[in-house]
2 protein chains.
Amino acid sequence: MQKGKSHVSLKDIAREIGVSISTVSRALNNHPDISPEVTRKVQKLAAELNYTPNPLAMGLLKQATRMIGVIVPDLVTHFYSSIISGIEDIAEQKGYYILIASSNETLQKEIKAVENLMKTRVEGLIVCLSQETKNYDHFNRLINTNIPLVFFDRVCRTDEVSSVVVDNVDAAQKITRHFYKNGFRRIAYIAGPDHLNISQERTRGYISGLKSCGLEFHPELLVKCNLSSKDAIKATAQLLNLPERPDAIFGINDTVAFAAMKEIKRQGFRIPEDVALVGFTDEFHSTVVDPALTSITHPTFEIGQEAARLFFRCVENPEAKATQVILNTKLVIRKSSVK
Amino acid sequence: MQKGKSHVSLKDIAREIGVSISTVSRALNNHPDISPEVTRKVQKLAAELNYTPNPLAMGLLKQATRMIGVIVPDLVTHFYSSIISGIEDIAEQKGYYILIASSNETLQKEIKAVENLMKTRVEGLIVCLSQETKNYDHFNRLINTNIPLVFFDRVCRTDEVSSVVVDNVDAAQKITRHFYKNGFRRIAYIAGPDHLNISQERTRGYISGLKSCGLEFHPELLVKCNLSSKDAIKATAQLLNLPERPDAIFGINDTVAFAAMKEIKRQGFRIPEDVALVGFTDEFHSTVVDPALTSITHPTFEIGQEAARLFFRCVENPEAKATQVILNTKLVIRKSSVK
DNA sequence: TATTATAGTGCAAAGGTTTGCGCAAAGGTT
DNA sequence: AACCTTTGCGCAAACCTTTGCACTATAATA
């Protein structure tokens with residue numbers, strides 16, 4: 001077979017049967033105007049030839065590509081891939097496809113991704129901001145022209161743009177209280193960059209959690225890192241080297257918690273006897289490490305599903321106001337935080 | 001702003017300047033027929049209005065969507081996401097986008113994914129077979145109509161379809177020899193399903209590796225599993241319960257190796273003192289577990305790149321014969337296999 | 001029988017882009 | 001003055017689909 005034969009069009013069917021293209025189109029759509037006999041013949045041949053409507057032609061005609069652009073900080077983290085699966089789940093039900101782009105945690109690539117996806121005429125975007133993103137101008141065009149846009153996890157402009165997040169304040173409180181209940185008193189927290197909502201919120205939860213336990217907040221126990229492994233190790237070392245060492249640490253996410261675990265072990269401390277550790281992560285890694293890591297699990301699949309649902313709400317009702325969906329997390333207690 | 005204003009077309013520019021659509025098109029493509037003055041005006045306005053050619057229209061016209069379909073067994077494994085990054089890297093350079101689908105390791109979803117992606121008129125497919133796939137009929141249409149198709153890692157029909165794999169035989173030999181050099185003599189292997197090329201090849205390497213070390217092949221030291229964690233644990237238990245316990249185990253992949261690690265620890269054996277362990281995996285997880293896992297690292301990003309390169313060879317030269325790219329692996333020695 | 005309703009089709013436009021060809025005006029050559 | 005060449009542009013077709021409208025028969029009614 002040669003090139004060009006790979007897809008049949010209405011024209012091919014029309015020529016074969018000897019009717020017009022419009023008749024074929026109507027026959028396939030069971031239009032009542034078409035005689036039963038023609039309809040039958042057309043449908044039979046279409047099935048035989050494996051006809052499927054050309055989405056390009058449809059897209060052009062209907063001005064709708066049935067594509068969603070998804071931008072994540074990276075693809076290799078379980079957290080994001082799992083969320084993508086959730087998005088895909090809902091998208092598939094609606095007959096939509098998703099086009100995935102990764103920002104690699106840089107603003108520059110995020111901007112490029114927005115541009116590129118818009119070029120492909122996706123109908124809208126579902127985005128988790130990169131770690132670097134403090135300026136949100138690249139979303140202006142979408143917001144102004146009312147193109148569907150949904151943020152998740154790391155969000156911004158929540159009054160204009162729908163978003164789905166977890167209750168970070170509550171989650172951080174849960175961790176602090178869990179530490180307290182298990183006898184830990186010098187509870188440290190390795191945070192992320194200030195401009196990220198997740199970092200701010202967890203910090204708030206950490207501090208209010210301390211208060212609700214009757215503990216004082218010691219600023220030296222709150223350290224920041226840029227979410228890289230290397231920086232997290234430095235932050236951990238900083239905590240461990242304090243004159244009065246913390247007896248419990250919680251890290252803002254996977255990478256940070258694992259890095260902390262490595263550094264704690266490297267310095268010869270035992271987990272949880274000397275230093276307890278809790279992560280903020282998803283279900284997979286935590287059970288692989290030793291000791292198994294207590295952590296906040298995100299409902300990642302659900303986050304994706306909710307984001308997709310919000311997206312379709314935008315598509316179907318462009319005038320709808322921005323909504324924020326807040327999902328709950330669960331503290332899964334494992335060995336790393338229980339003496 | 002209202003819907004429909006979100007993208008400008010040649011028509012918009014033409015109307016504004018007062019020339020025909022074709023003139024605008026040519027001006028933007030720097031066609032010599034167009035006067036410098038008109039060209040300048042058109043290009044200026046196009047830039048101002050943020051014009052980008054509509055890919056749907058182009059796709060329809062050129063019968064080329066600049067889209068590649070990628071099917072992987074799952075998205076949440078680092079191995080695949082990293083390969084996807086490699087594919088993306090090359091695709092981006094060529095101005096192509098990729099559409100990702102996951103088979104969830106089932107044949108049924110794989111077939112569906114092929115269908116769906118073909119419906120969207122991707123120009124071709126890059127595929128890693130699902131674990132279940134023994135029948136390859138769903139690729140017939142692609143092969144017969146000469147639609148670009150490339151397999152990676154888990155491959156089939158290598159005489160008709162280009163593919164990229166790692167040298168599995170060599171890798172398994174390396175592991176066996178490494179065990180031998182470090183004083184292990186009862187070397188066991190947890191394999192996968194027989195119909196997968198990767199399983200077969202690694203088994204071959206395991207056996208020939210044993211021979212090259214002057215060790216005898218004991219059939220009871222070769223057990224199979226279906227690549228699930230649960231099954232791998234069962235397989236590990238089976239090995240550990242042998243009257244003559246193996247002193248070294250290698251698992252066919254990540255999941256298996258981690259499961260084995262858990263089970264070995266659970267039974268109270270020390271790694272590597274009682275049982276050494278080597279995995280077949282990529283760089284990330286291995287350093288997180290304790291003890292750090294010796295393993296074969298795949299050049300995942302490169303696998304993706306090579307697959308994409310093969311793909312474009314198919315696109316640019318549809319008559320080219322199928323080629324097989326074989327990449328080398330590296331044995332990264334960590335604590336789990338050195339006494 | 002003449003008129004009208006109805007069933008069953010086809011035409012053409014629209015969506016956006018490229019490109020072969022035609023056409024007009026201007027300039028150049030005998 | 002008559003012809004040819006060049007320059008610069010527009011028309012229309014093609015890619016594929018849907019759909020309002022027009023059209024042709026045939027059947028039904030007056």
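Chain identifiers are assigned alphabetically (A, B, ...) following the order of the sequence lines, protein sequences preceding nucleic acid strands; residue numbering begins at 1 within each chain.
- Rounded to whole angstrom, the span from the CG atom of B/Asp12 across to the P atom of C/dA14 amounts to 14 Å.
- The side chain of A/Lys11 contributes an N or O atom lying less than 4.0 Å from OP1 or OP2 of D/dC15.
- Taking atom CG on A/Asp33 and atom C1' on C/dA5, their separation rounds to 14 Å, with Å as the unit.
- Put simply, CD on B/Gln324 and CG on B/Asp159 are 9.5 Å apart, with the number rounded to the nearest 0.5 Å.
- OP1 and OP2 of D/dT19 both lie 4.0 Å or more from every side-chain N or O belonging to A/Ser22.
- Pair assignment for D/dA2 gives C/dT29, based on Watson-Crick or G-U wobble hydrogen-bonding distances that are each under 3.5 Å.
- A salt bridge does not link B/Glu37 with B/Arg40: none of the charged nitrogens is closer than 4.0 Å to a carboxylate oxygen.
- Remark: side-chain polar atoms of A/Asn54 are paired, donor with acceptor, to backbone N or O of A/Leu56 under 3.5 angstrom.
- Atom pair B/Tyr51:OH and C/dT17:P shows a separation of 3 Å (rounding to whole Å applied).
- Between D/dA14 and B/Gln63, no contact under 4.0 Å exists linking OP1 or OP2 to a side-chain N or O.
- A straight line from CD1 of A/Ile21 to P of D/dT17 spans 8 Å, rounded to a whole angstrom.
- When the C1' atom of D/dT17 is taken as reference, atom CG of A/Leu61 falls 5 Å away, rounded to whole Å.
- Judged by distance alone, with hydrogens and angles left aside, A/Arg121 brings no side-chain donor or acceptor close enough to the base of C/dG15 to form a pair under 3.5 Å.
- Here B/Ser35 reaches the OP1 or OP2 of D/dC9: one of its side-chain N or O atoms lies under 4.0 Å away.
- Within the 4.0 angstrom heavy-atom criterion, only backbone atoms of the sugar-phosphate kind lie near A/Asn54; the bases stay farther away.
- We find that NZ of B/Lys119 is positioned 14 Å from P of D/dT17, with the value rounded to whole Å.
- When the nucleotides D/dC16, C/dT18, D/dG10 are ranked by their closest atom to the side chain of B/Ser25, C/dT18 comes out on top.
- Salt bridge annotation for A/Glu105-A/Arg154: present, with a cationic side-chain nitrogen under 4.0 angstrom from a carboxylate oxygen.
- Distance A/Leu10 CG to D/dC15 P: 13 Å, rounded to the nearest Å.
- Residue B/Pro36 is the one, among B/Leu60 and B/Pro36, whose nearest nucleotide of DNA chain D lies closer to the 5' end (criterion: closest heavy atom).
- If you check distances only, the side chain of A/Arg26 never reaches the base of C/dG8 with a donor-acceptor pair under 3.5 Å.
- Residue B/Ile34 is in sugar-phosphate contact alone, with no base atom involved, counting any heavy-atom pair closer than 4.0 Å across all strands shown.
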Quiz item: Could you walk me through whether A/Arg157 and A/Ser163 pass the side-chain hydrogen bond (donor to acceptor under 3.5 Å, both in side chains) check?
Solution: CA-CA 9 Å; A/Arg157 297 204 185 187; A/Ser163 57; over 6 Å; no
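- Atom CE in A/Met58 sits about 18 Å away from atom P in D/dC15, given to the nearest Å.
- The shortest non-hydrogen separation linking B/Val8 to B/Leu49 is CG2-O, 3.6 Å.
- Taking only distance into account, the side chain of B/Arg15 never meets the base of C/dG16 through a donor-acceptor pair shorter than 3.5 Å.
- Note on A/Thr23: a side-chain N or O is less than 4.0 Å away from OP1 or OP2 of C/dG10.
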